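Worth saying up front: this structure is predicted, and the values here are computed from it rather than measured. Chain letters run A, B, ... following the sequence lines, proteins first, then strands; residues in each count from 1.
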Amino acid sequence: MNNTEVADILARMADILAIQGESLHRIMAYRKAAENVAALSRPVEEMWQADELRAIPGIGKTLEAKIDELMRSGRIGAYERLREQVPDGVVALLQVPDVGPKRAALFWKELGVEGVASLEKAARAGRLQTLPGMGAKSEQKVLAGIEALKRLSGRTLLGVALPLAETMLGALLEVPGVVLATPAGSLRRKRETVGDLDLLVAAEDPEPVMARFRELPQVEEVLLSGSTKTAIRTAEGFQVDLRVLEPQRWGTALQYFTGSQAHNIHLRQLALERGFSLSEYALHREEGDVLCSTEEEVYSALGLPTIPPELREDRGEIEAALASRLPDLVEVDDLKGDFQFHTTRSDGHNSLLEMAQAARAAGL
DNA sequence: GCCGTTTTCGGCCCGACTGTTTTCAGTCG
Ligand SMILES: Nc1nc2c(ncn2[C@H]2C[C@H](O)[C@@H](COP(=O)(O)OP(=O)(O)OP(=O)(O)O)O2)c(=O)[nH]1
Ligand SMILES: [Mg+2]
Ligand SMILES: [Mg+2]
């Protein structure tokens with residue numbers, strides 16, 4: 001039983017508990033445990049053998065016992081029972097954008113929907129809008145979500161996402177009043193794959209920026225658009241999120257939108273311990289808000305050195321920063337050469353000479 | 001369900017947008 005398999009089970013337990021209407025904090029506990037098991041650098045089985053499961057953040061007495069049961073018997077009784085109570089197809093509904101645990105439960109219990117295909121049928125037949133809290137518009141959004149799911153599910157390589165981001169940012173930078181425009185989210189953290197594109201823009205007046213964004217040629221569908229945030233979907237089914245805030249809030253805004261979610265939550269907890277409440281708008285204090293125009297100011301106000309985006313996954317970087325023990329990362333400038341590349345002699349796109357010249361031009 | 005140099009119980013990050021709502025739940029970032 002490997003780490004991914006264990007994490008997947010915990011995450012599925014979280015999903016089922018959510019559909020059952022369990023306490024949000026209990027659900028979060030399962031999710032957090034799942035994330036931390038997935039992020040482990042050692043096999044969870046090895047930690048189990050060494051009786052070290054409790055050293056994993058988010059694994060307490062109960063989840064330790066469940067993982068122990070899984071390692072011993074290959075199953076978790078509690079998980080088997082949950083799966084008997086909520087069919088897999090109902091859990092699968094959560095993959096549809098705009099369908100969360102409440103709606104999944106509603107569609108299942110009221111209409112007998114037990115999968116995405118049957119949800120589509122119900123929506124096309126106009127049955128969703130008969131439900132409490134639902135209407136014609138919500139029903140259409142669910143249908144659009146199912147279509148998007150068919151076009152693209154899963155993550156996109158950084159190298160594919162980055163050029164698209166640069167193109168869109170270039171267009172937004174042309175809008176009068178735009179001061180700064182940059183990639184954020186997993187793109188800025190340089191994750192190998194990204195779930196969507198997150199773009200951040202600084203401007204006093206957000207409306208012209210939002211208007212331009214909604215009309216970019218890549219936009220197939222506008223998902224939502226307000227005064228600080230717009231989300232669109234491309235023809236490929238790829239989502240792009242844009243946030244626009246005033247330049248004087250750039251520091252807190254960039255910190256927020258760079259994430260990760262887990263890093264943000266941890267940093268916000270630290271802020272609370274320091275007498276602040278941290279949001280994308282400011283460091284809020286009783287005496288009044290502190291606006292930060294740079295990320296350095298945000299981290300510094302919390303007593304931390306600025307943490308490189310690549311490390312912001314809540315995998316110990318905040319503790320390391322507190323102890324002034326952040327690792328010295330390898331930067332592009334540290335590269336002296338490249339001993340492994342392909343040329344036209346095999347499946348590369350350039351000749352050996354071209355590669356050598358490009359390397360020299362790059363200072364390698 | 002987890003966790004603790006203020007806590008072993010009672011908190012758990014903070015906010016935007018939409019639709020259906022008559023005051024806010026749901027979903028998402
Ligand atoms: N404080 C806070 N920030 C969040 C939360 N969810 C998302 N964010 C911030 C941090 C994220 O990096 C950023 C963009 O959200 P995304 O959902 O696009 O996540 P991210 O880009 O990190 O990963 P992705 O590759 O898109 O799956 O928004 C949240 O629940 N709380
Ligand atoms: Mg993202
Ligand atoms: Mg996003």
Side-chain angles (χ1 to χ4, degrees), chain A residues 10 13-14 17-19 21-36 53-67 78 93-107 128-142 144-145 184-187 194-200 206 210 222-233 239-245 249 252-253 255-284 289 302 314 318 322:
Chain A
L10 293 175
M13 291 183 81
L17 292 170
I19 291 167
E22 256 293 340
S23 134
L24 292 175
H25 297 300
R26 182 159 175 246
I27 295 161
M28 282 299 296
Y30 275 85
R31 292 233 159 90
K32 186 82 203 171
E35 279 171 29
N36 289 332
L53 288 177
R54 293 289 287 274
I56 304 169
I59 302 288
K61 199 163 171 255
T62 305
L63 292 182
E64 176 190 41
K66 287 188 167 43
I67 295 176
L93 299 181
L94 299 178
Q95 297 310 306
V96 178
D98 291 324
V99 178
K102 300 289 188 220
R103 286 176 173 180
L106 185 71
F107 300 156
L128 301 190
Q129 54 178 304
T130 66
L131 266 25
M134 292 288 297
K137 287 186 177 179
S138 302
E139 185 172 73
Q140 279 312 115
K141 282 198 170 182
V142 169
S186 50
L187 208 61
V194 300
D196 66 1
L197 241 51
D198 302 291
L199 309 179
L200 183 65
M210 297 305 185
V222 177
L223 303 174
L224 56 86
S225 188
S227 62
T228 80
K229 174 169 151 178
T230 290
I232 64 96
R233 208 148 33 212
Q239 184 170 331
V240 186
D241 295 329
L242 171 70
R243 282 215 65 170
V244 183
L245 285 99
R249 303 183 191 275
T252 44
Q255 192 292 311
Y256 152 73
F257 214 27
T258 298
S260 64
Q261 180 195 52
H263 177 88
N264 285 358
I265 290 173
H266 194 155
L267 199 68
R268 287 169 181 214
Q269 280 165 346
L270 186 72
L272 288 172
E273 289 167 20
R274 301 269 195 271
F276 294 100
S277 164
L278 174 62
S279 78
E280 58 266 51
Y281 294 103
L283 276 161
H284 309 275
D289 293 353
L302 300 175
D314 194 27
I318 291 177
L322 279 170

Which part of the nucleic acid does [X] contact within heavy-atom distance under 4.0 Å: base, sugar-phosphate only, or nothing?
X        : value
A/Gln239 : sugar-phosphate
A/Ile27  : nothing
A/Pro97  : sugar-phosphate
A/Ala136 : sugar-phosphate

Which donor-acceptor pairs under 3.5 Å do side chains of residues 224-231 of chain A form with protein atoms, sequence neighbours excluded?
| residue | atom | partner | partner atom | Å |
| --- | --- | --- | --- | --- |
| A/Ser225 | OG | A/Arg214 | NH1 | 2.7 |
| A/Ser225 | OG | A/Thr230 | OG1 | 2.8 |
| A/Thr228 | OG1 | A/Arg243 | NH2 | 3.2 |

Can you check the [X] [atom1] to [N] [atom2] distance for me, whole Å?
X        : N      : atom1 : atom2 : answer
A/Ile19  : B/dG26 : CD1   : P     : 14 Å
A/Leu128 : B/dG19 : CG    : P     : 15 Å
A/Tyr30  : B/dC2  : OH    : C1'   : 11 Å
A/Phe107 : B/dG26 : CZ    : P     : 12 Å
A/Arg54  : B/dG4  : CZ    : C1'   : 13 Å
A/Leu17  : B/dC2  : CG    : P     : 12 Å
A/Ile232 : B/dG29 : CD1   : C1'   : 15 Å
A/Leu106 : B/dG19 : CG    : C1'   : 14 Å

Go nucleotide by nucleotide along DNA chain B from the 5' end; which of A/Ser138 and A/Arg103 gets its closest nucleotide reached first?
A/Ser138
Toward the 5' end of DNA chain B, by each residue's nearest nucleotide, A/Leu63 or A/Glu139
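Closer to the 5' end of DNA chain B: A/Leu63.
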Check whether A/Gln239 reaches the backbone of A/Asp196 with its side chain - one donor and one acceptor, N or O, closer than 3.5 Å.
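Looks like no, no N/O pair under 3.5 Å.
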Side-chain donor or acceptor of A/Asp198 paired with backbone N/O of A/Asp241 under 3.5 Å:
no
Of all residues at least two apart in sequence or in a different chain, which pass the side-chain contact (heavy atoms from CB on, under 4.5 Å) check with [X]?
X        : value
A/Gln140 : A/Leu143
A/Ala262 : A/Lys32, A/Glu35, A/Ser260, A/Asp314
A/Gln95  : A/Leu149

Taking the [atom1] atom of each, how far is [N] from [M], in whole Å?
N      : M      : atom1 : answer
B/dC17 : B/dT22 : P     : 23 Å
B/dT20 : B/dG26 : P     : 14 Å
B/dG4  : B/dT8  : C1'   : 8 Å
B/dC13 : B/dT5  : P     : 16 Å
B/dT7  : B/dC12 : C1'   : 13 Å
B/dA25 : B/dT21 : P     : 13 Å

Please list, for nucleotides 6-8 of chain B, all pairs of protein and nucleotide N/O atoms separated by less than 3.5 Å.
none

All N/O donor-acceptor pairs, side-chain side in residues 55-66 of chain A, below 3.5 Å, sequence neighbours left out:
none

Considering Watson-Crick and G-U wobble pairs with both distances under 3.5 Å, what does B/dT8 pair with?
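Its partner: none found.
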Full working for side chain to side chain contact (heavy atoms under 4.5 Å, CB included) between A/Leu131 and A/Arg103:
CA-CA 10 Å; A/Leu131 266 25; A/Arg103 286 176 173 180; over 6 Å; no
Quick one: side-chain hydrogen bond (donor to acceptor under 3.5 Å, both in side chains) partners of A/Glu22, sequence neighbours excluded?
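Only A/Arg26 meet the side-chain hydrogen bond (donor to acceptor under 3.5 Å, both in side chains) criterion with A/Glu22.
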Please walk me through it: do A/Ile19 and A/Leu94 pass side chain to side chain contact (heavy atoms under 4.5 Å, CB included)?
CA-CA 9 Å; A/Ile19 291 167; A/Leu94 299 178; 4.1 Å; yes
B/S/- contact track for nucleotides 10-18 of chain B, protein heavy atom under 4.0 Å
--BBBSSSS
Listing request: all salt bridge (Lys or Arg N to Asp or Glu O under 4.0 Å) pairs with a residue in residues 267-277 of chain A, at least two apart in sequence or in separate chains.
A/Arg268-A/Glu280
